[in-house]
There are 2 protein chains.
Amino acid sequence: MELTERKKQILKIVVESYIDTAEPLGSKAIAEKMPGKISSATIRNELADLSEMGYLEQPHTSAGRIPSAKGYRLYVNELMERRPLSPEEQAAINDSLRGELRQTEQVVARAGQMAQSLVNYPTYAAADHRSAVTVKRFELLTVDDTSFIAVVMLSDSRVKSQLMTVDLPVEPSALPAMSHLLNTHFTAIPAREMNGKLMGLSDQVVPEWFLVLNRVVDYAGELLQDDGHTQVFTSGASRIMSFPEFRDIDKAQGLMHFMVDNKENLPVPTTDAPMQILIGPENVSDALKESSVVMASYDIGDNMRGLIGVVGPTRMDYATVAARLSYFAESLTRMFGKRELPAKEEEGNP
Amino acid sequence: MELTERKKQILKIVVESYIDTAEPLGSKAIAEKMPGKISSATIRNELADLSEMGYLEQPHTSAGRIPSAKGYRLYVNELMERRPLSPEEQAAINDSLRGELRQTEQVVARAGQMAQSLVNYPTYAAADHRSAVTVKRFELLTVDDTSFIAVVMLSDSRVKSQLMTVDLPVEPSALPAMSHLLNTHFTAIPAREMNGKLMGLSDQVVPEWFLVLNRVVDYAGELLQDDGHTQVFTSGASRIMSFPEFRDIDKAQGLMHFMVDNKENLPVPTTDAPMQILIGPENVSDALKESSVVMASYDIGDNMRGLIGVVGPTRMDYATVAARLSYFAESLTRMFGKRELPAKEEEGNP
DNA sequence: GTTAGCACTCAGGGAAAGCGAGTGCTAAAA
DNA sequence: TTTTAGCACTCGCTTTCCCTGAGTGCTAAC
């Protein structure tokens with residue numbers, strides 16, 4: 001059976017109406033929305049075809065039609081109008097971005113919050129590294145006999161530090177030498193090689209040194225591993241309950257649990273595309289089988305990619321969400337994608 | 001009217017049954033649970049008294065009685081059996097605590113998660129400082145012409161650091177001198193005095209220096225202000241929806257929104273007591289008027305206090321929650337309350 | 001002070017009925 | 001071959017009504 005232009009048009013009407021109202025749409029209502037005069041009986045014939053082809057479904061015999069996941073997919077791929085944002089909408093995004101974010105660490109979390117207020121669906125945000133992070137530099141600072149500060153500068157320009165205490169007293173003068181040793185042996189190598197290297201040194205240094213080196217290398221290993229960016233932030237998760245499809249408390253709980261207490265398993269992009277959409281059953285997690293997710297990514301610095309995901313019912317407003325989210329992600333890249341954060345601007349100056 | 005021993009006994013039975021089943025309890029059922037033989041008619045007379053005194057209420061005329069907030073309060077203050085944990089329960093807590101937490105920064109978040117699995121109600125966790133945090137020490141490390149690392153050690157032993165870039169190139173040899181200057185003028189003073197002090201120095205140093213000092217002092221100010229511990233973590237928030245009183249989606253949404261997207265406003269202890277309980281309308285936030293909160297705090301290091309809160313319906317199992325939570329908080333204090341984190345123990349050794 | 005007895009209240013559940021939106025099919029018209 | 005009008009049929013939803021049973025308050029007797 002062929003998917004005629006008219007069938008597509010009908011599908012588009014059904015999808016957009018359902019996105020708007022969450023109510024099935026009947027042949028008569030469709031006929032009224034169609035340009036030209038066509039009878040509802042004709043529409044019914046078309047609807048029967050569309051159902052047979054799998055683009056539409058019926059909640060029950062005497063109800064109107066609603067889109068199937070396949071129908072949404074066609075809509076997203078072909079039918080949806082990818083209208084760019086109006087200048088006003090763009091201005092709103094640029095305004096909210098201006099002067100807000102300063103520390104790299106905060107960018108991710110705030111970006112998620114801003115996206116949520118932009119699209120009015122729950123969002124989540126995370127970041128990951130394009131290539132492996134390594135340590136760029138170590139520095140040990142004296143505090144007292146048994147404690148010192150370890151400063152670790154990472155290849156992505158983050159700097160982490162911690163106060164450490166050891167059991168045996170350490171000669172303060174030894175710290176620079178140890179820093180040097182760390183810098184020559186433990187920079188620019190992946191975490192998994194660190195322990196081996198440390199073992200290789202174990203008989204060349206005195207126990208006090210080894211104690212210190214061990215602590216510092218451990219610490220660096222931790223930093224590289226879960227490099228602080230596996231953390232996922234969600235915003236506005238409870239909004240999911242305002243959608244009629246999640247008025248059912250058990251469904252709502254399932255999804256809330258996933259978004260709030262199981263964030264780490266929210267989907268991440270599987271392609272390099274700037275935007276990816278997962279519709280209903282296309283999701284791997286069971287909890288999301290009745291939801292859709294729109295994901296966009298943006299650059300942070302040279303070597304990091306931020307992720308923003310939008311979660312909604314399958315009938316979410318793909319056109320609007322996609323338009324706003326992609327513009328937002330582009331803006332973020334424009335702002336944070338370069339090497340370094342821009343210097344703080346003077347308030348109110350051009 | 002007097003609150004006789006028998007009345008208290010009846011109240012206790014009603015509260016505990018309602019905590020267990022969430023169903024109102026009638027005179028006949030109470031009569032069966034009472035020791036000795038008393039007729040339901042007698043119980044009815046007592047119930048009428050208890051209602052009149054405000055300890056019990058009726059959902060509707062032909063239903064049994066349920067406790068009022070005042071009833072719960074009396075129960076918590078006088079009637080509840082504060083049984084200590086069994087050795088098995090204590091062991092379970094100690095086990096889960098062993099070897100888990102290392103970095104001070106993670107203690108708070110993990111403590112909340114562990115508490116949630118312990119009590120099986122949603123929990124939240126935060127920390128705050130007993131007395132104001134100040135900077136204990138500054139350290140500036142050279143990176144290149146226009147960038148350097150600022151390391152700031154705080155009075156609570158946290159160490160924070162960040163890479164900074166300035167517009168004018170800075171003589172690397174000047175950094176130690178600037179560190180010295182910062183250490184002499186900006187340590188041990190509250191954040192609000194910093195800016196004034198910086199202004200006082202503005203005509204004594206060259207512009208390049210001022211640029212650097214400004215950035216560092218700004219950064220320190222930020223650290224002291226929202227000192228990274230206003231952050232609130234929640235665990236198991238979605239569990240709230242399993243309770244029958246929150247099967248209503250709107251109620252559930254209200255509470256979820258509060259716990260997930262508005263965590264910062266969750267209640268904090270108002271007294272120094274080791275444990276505080278807020279019952280229903282005793283809560284200030286509207287969103288919590290139909291819930292109860294049990295809060296406990298514990299020490300982290302010398303100068304910080306961790307907070308764990310448990311959120312549940314007003315009929316939450318106060319006795320169990322209070323017992324477990326207070327033991328857990330005590331254990332945490334025992335473990336982290338001292339000056340410094342204990343050295344990492346060897347696995348499997350006594 | 002306690003108890004038995006009785007009339008009364010009221011939420012919840014189930015059955016029955018009516019409504020109305022929407023369908024599929026048929027046969028005629030274009 | 002496509003479109004249309006017409007019609008019988010389906011089925012979820014809502015409303016109404018009734019019944020049941022748990023529980024109450026009150027009274028009068030123990």
Side-chain angles (χ1 to χ4, degrees), chain A residues 1-11 13-15 17-18 20-68 71 244-245 247-248, chain B residues 1-11 13-15 17-18 20-68 71 244-245 247-248:
Chain A
M1 195 167 323
E2 215 200 340
L3 196 60
T4 65
E5 210 43 53
R6 190 169 68 182
K7 285 195 173 60
K8 286 185 186 173
Q9 200 175 7
I10 290 174
L11 180 59
I13 288 175
V14 174
V15 170
S17 160
Y18 191 67
D20 198 36
T21 63
E23 297 288 336
L25 199 62
S27 54
K28 200 170 155 204
I30 296 174
E32 280 161 15
K33 295 200 179 197
M34 288 285 281
K37 264 179 64 184
I38 307 178
S39 83
S40 63
T42 311
I43 301 287
R44 278 202 289 284
N45 290 331
E46 299 282 55
L47 288 179
D49 291 353
L50 283 166
S51 293
E52 199 181 329
M53 287 189 272
Y55 294 110
L56 294 178
E57 353 187 282
Q58 275 181 291
H60 55 265
T61 343
S62 72
R65 300 303 209 288
I66 63 176
S68 66
E245 32 275 274
R247 301 297 295 179
D248 178 275
Chain B
M1 195 168 325
E2 214 201 337
L3 195 59
T4 63
E5 209 44 51
R6 189 168 71 183
K7 286 196 172 61
K8 285 185 186 173
Q9 199 175 7
I10 291 174
L11 179 60
I13 288 175
V14 173
V15 171
S17 160
Y18 191 68
D20 198 37
T21 64
E23 298 287 338
L25 199 61
S27 54
K28 200 170 155 206
I30 297 175
E32 281 161 15
K33 296 200 179 199
M34 289 284 282
K37 266 181 65 185
I38 308 177
S39 84
S40 63
T42 311
I43 300 288
R44 278 202 289 284
N45 289 331
E46 299 281 57
L47 288 178
D49 292 352
L50 282 166
S51 292
E52 199 182 328
M53 288 189 272
Y55 294 110
L56 293 177
E57 0 188 275
Q58 276 180 291
H60 57 264
T61 342
S62 72
R65 300 303 209 288
I66 64 176
S68 67
E245 31 275 276
R247 300 297 295 179
D248 179 274

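From a predicted model like this one, the values you see are computed outputs, not experimental measurements. Labels below follow one simple rule: chain letters A, B, ... track the order of the sequence lines, proteins then strands, and each chain is numbered from 1. Hydrogens, waters and symmetry mates are skipped; everything else that's a heavy atom, side chains included, is used.
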Problem - Per-nucleotide protein contact string for nucleotides 1-19 of chain C (B base, S sugar-phosphate only, - none; heavy atom under 4.0 Å) - result: -SBBB---BBS--------

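Atom CG of B:D49 and atom P of D:dT24 are 14 Å apart (whole Å). The separation between A:Q58 atom CD and C:dG22 atom C1' is 8 Å, rounded to whole Å. D:dA22 atom P lies 18 Å from atom CD1 of B:I43, rounded to whole Å. As a whole-Å value, the separation of A:I66 CD1 from C:dG22 P is 13 Å. Summarising the geometry, the separation between CD on A:E52 and C1' on C:dT23 is reported as 16 Å, rounded to the nearest angstrom.
For the side-chain hydrogen bond (donor to acceptor under 3.5 Å, both in side chains) test, no residue two or more places apart in sequence or in another chain qualifies with A:T61. With sequence neighbours excluded, the residues forming a side-chain hydrogen bond (donor to acceptor under 3.5 Å, both in side chains) with B:S51 are B:R65, listed by chain and number. With sequence neighbours excluded, no residue forms a side-chain hydrogen bond (donor to acceptor under 3.5 Å, both in side chains) with A:K28. Considering only residues two or more places apart in sequence or on other chains, A:T42 meets the side-chain contact (heavy atoms from CB on, under 4.5 Å) condition with A:R6, A:I38, A:S39. Residues forming a side-chain hydrogen bond (donor to acceptor under 3.5 Å, both in side chains) with B:S17 (at least two apart in sequence, or on another chain): none.
Interatomic distance, A:I13 CD1 to A:I30 CD1, rounded to the nearest 0.5 Å: 7.0 Å.
Sorted pairs that involve residues 29-44 of chain B and meet salt bridge (charged side-chain N to carboxylate O under 4.0 Å, His left out), not counting sequence neighbours, are lacking altogether. Under the salt bridge (charged side-chain N to carboxylate O under 4.0 Å, His left out) criterion, no residue pair touches residues 51-60 of chain B, with sequence neighbours excluded.
The stretch residues 21-33 of chain B has no heavy atom under 4.0 angstrom from DNA chain C at all.
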